Amino acid sequence: MLKQEAEGLHVYNTLTGQKEPFKPITPGQVRMYVCGMTVYDYCHLGHARVMVVFDVVTRWLRARGYQVTYVRNITDIDDKIIRRAAENGEGIEALTARFIAAMEEDAAALGVLKPDHEPRATQYVPQMQEMISRLEQNKLAYLAADGDVNYSVRDFPGYGKLSGKSLDELRAGERVEVDSSKRDPLDFVLWKRSKPGEPSWDSPWGGGRPGWHIECSAMSSTLLGEHFDIHGGGADLQFPHHENEIAQSEGASGKPFVNYWMHNGFVRVADEKMSKSLGNFFTVREVLKKYDAEVVRFFILRAHYRSPLNYSDAHLDDAKHALTRLYTALKNTPPAAVTLDWNEPHARRFRAAMDDDFNTPEACAVLFDLAAEANRGDARAAGLLKALAGVLGLLTQDPVAFLHGAGAQQAGAGELAAADIERRIAERAAARKRRDWKESDRIREELAKQGIVLEDGPSGTTWRRN
RNA sequence: GGCUGGAUGGCAGAGUGGUCAUGCAGCGGACUGCAAAUCCGUGUACGCCGGUUCGAUCCCGACUCCAGCCUCCA
């Protein structure tokens with residue numbers, strides 16, 4: 001495990017727009033909150049990116065010796081959920097349970113470790129009400145004519161500090177719908193009066209349900225305290241969601257809320273943001289039919305978390321070939337058992353990369369250098385390769401198993417079974433023995449047509465799926 | 001319109017004021033019955049125009065183009 005002081009981790013903080021030395025509030029401990037999913041549909045690649053990115057952040061913090069408490073919430077009550085459930089003629093609980101299960105499945109497939117807490121909004125309604133009351137006491141919330149409780153943004157002096165906007169600038173956009181019951185168009189709902197038939201909780205302001213932003217403020221302070229280290233999420237949450245969280249949390253507690261804000265870049269399709277509203281999204285399970293989950297994870301980690309990531313089959317294929325190279329090295333040279341020495345030159349470079357705002361592409365470059373050394377027969381390099389990749393949650397499979405399965409996760413129907421392949425290889429070996437190259441090449445050709453690549457080595461023929 | 005980011009070789013994608021990113025693809029060689037894999041070698045890459053500098057892809061300024069946010073979105 002790494003000494004935390006050595007050189008030092010630097011994190012890009014959206015709040016300041018700069019990389020800053022990372023200093024936890026409590027030495028040796030990190031408390032991190034990440035905005036998770038609203039569970040009314042399957043995860044798409046954008047969600048996958050958030051999960052993988054902050055999974056790696058957590059893993060690296062732990063590798064560095066920090067004791068991490070990682071919270072990733074689940075939004076299980078909101079307009080879209082209500083609407084979707086109504087469309088489906090399905091109960092809200094049934095709908096959310098279904099998509100929570102699907103999300104857990106996707107996350108597990110992608111090698112994402114479970115967060116320490118996965119709180120659901122519906123389980124924290126009392127805490128939200130308590131916070132809203134405090135905001136009322138602090139003159140930051142008011143009951144509007146339509147029965148909603150709103151946050152009064154102009155009464156919170158720091159409003160806009162995360163997104164770098166002033167209230168005037170925001171208003172200039174004039175895309176905000178005029179809502180006469182709000183004192184300021186940017187005021188947002190803390191507590192929403194329920195319409196008949198909608199889920200409703202009793203409250204001092206009448207039957208209603210929480211606004212979207214309040215859940216994160218309530219859950220984070222309950223589980224991590226009013227002031228914690230890292231808050232993460234997709235870049236699109238910067239405004240208004242995270243801005244509003246700050247307003248709520250700091251408005252209620254009077255304390256600073258979060259020290260480091262981290263936002264990951266979008267997944268794009270044809271240079272456009274992948275999003276539900278554009279309809280240009282690919283669900284995780286859809287992609288996993290075509291690509292091994294580790295390929296998807298590797299694809300995400302080959303780009304820096306703050307950069308945009310363009311999705312296309314060609315790019316996934318590229319990632320697959322690259323990952324195949326890594327696994328091939330492990331197959332060629334079985335890794336020696338090594339204990340990670342962070343002062344070893346490769347490990348040092350890897351560490352420096354990860355310490356520099358989680359520069360996973362640079363860390364991956366180290367992996368490829370080690371693969372080259374492993375291919376020259378260096379079992380220690382292979383061992384180091386496996387160990388460092390493991391820190392990123394990569395190269396966790398058996399190399400031969402990966403190479404035999406690479407491509408589709410589920411060996412699709414119509415795909416040649418391993419036993420058949422082995423049988424053909426044996427037949428080819430016989431042909432080769434009698435120097436019948438024509439027959440030998442015919443068999444190889446035939447297998448190639450089915451995506452099977454044969455590799456003749458000194459100790460026999462091995463195969464992999466292309 | 002306002003505010004953020006970005007523009008790197010065929011593609012993907014890091015990074016740096018003056019010797020290497022890395023991967024995929026390509027090319028040449030080795031190995032192989034032939035391949036594949038692997039190894040060795042191989043590319044006048046840094047949007048455009050000025051400026052600072054002995055020297056800029058990297059610093060500064062203008063410009064062009066792209067993406068994102070300003071409405072739900074990871």
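In what follows, every heavy atom counts, from backbone to side chain, and hydrogens, waters and symmetry copies are set aside. Quick caveat: nothing in here was measured; it's all calculated off a predicted structure.
- Nearest to the side chain of A/K276, among B/G33, B/A74, B/A14, sits B/A74.
- A/V267 comes within 4.0 angstrom of a nucleotide base, judged by non-hydrogen atoms across all strands.
- Salt-bridge check for A/R349 with A/D369: passed, with a basic side-chain N closer than 4.0 Å to an acidic carboxylate O.
- At the heavy-atom level, A/M51 lies nowhere under 4.0 Å from the strands shown.
- With centroids closer than 5.5 Å and planes inclined by less than 30 degrees as the test, A/F266 and the base of B/G68 fail to qualify as a stacked pair.
- Residue A/S163 places no side-chain N or O under 4.0 Å from the OP1 or OP2 atom of B/C70.
- For RNA chain B, the neighbouring residues in residues 69-80 of chain A, judged by any heavy atom under 4.0 Å, are A/K80.
- When rounded to the nearest whole Å, the span between CG of A/L301 and C1' of B/A14 equals 14 Å.
- Nearest nucleotide to the side chain of A/R432, out of B/U22, B/C34, B/C24: B/C34.
- With a 3.5 Å limit on both pairing distances and Watson-Crick or G-U wobble geometry required, the stems of 3 or more pairs in RNA chain B span B:1-7 with B:64-70, B:10-12 with B:22-24, B:26-30 with B:38-42, B:49-51 with B:59-61.
- Residue-to-nucleotide proximity on RNA chain B shows that, of A/D356 and A/L454, the 5′-proximal contact is made by A/D356.
- Between A/R428 and A/G233, the one whose closest nucleotide on RNA chain B sits nearer the 5' end is A/R428.
- The CG atom of A/D436 sits 12 Å away from the C1' atom of B/G33 (whole-angstrom rounding).
- In this structure, A/L186 atom CG and B/C70 atom P are separated by 11 Å, rounded to whole Å.
- Checking B/A35, B/C11, B/A21 against every side-chain atom of A/D456, the shortest atom distance belongs to B/A35.
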Could you go over nucleotides 37-43 of chain B and give all protein N or O partners under 3.5 Å, atom names and distances?
{"from": "B/A37", "atom 1": "O4'", "to": "A/E455", "atom 2": "OE2", "distance (Å)": "3.2"}
{"from": "B/U38", "atom 1": "O3'", "to": "A/N375", "atom 2": "ND2", "distance (Å)": "3.1"}
{"from": "B/C39", "atom 1": "OP1", "to": "A/R325", "atom 2": "NH2", "distance (Å)": "3.4"}
{"from": "B/C39", "atom 1": "OP1", "to": "A/N375", "atom 2": "ND2", "distance (Å)": "3.3"}
{"from": "B/C39", "atom 1": "OP2", "to": "A/R325", "atom 2": "NH1", "distance (Å)": "3.4"}
{"from": "B/C39", "atom 1": "O3'", "to": "A/R376", "atom 2": "NE", "distance (Å)": "3.4"}
{"from": "B/C40", "atom 1": "OP1", "to": "A/R376", "atom 2": "NE", "distance (Å)": "2.9"}
{"from": "B/C40", "atom 1": "OP1", "to": "A/R376", "atom 2": "NH2", "distance (Å)": "2.9"}

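- When distances run from any side-chain atom of A/T38 to the nucleotides B/A74, B/C70, B/G13, the shortest one goes to B/A74.
- Checked for salt-bridge contact, A/K331 and A/E455 meet the test: a charged N lies under 4.0 Å from a carboxylate O.
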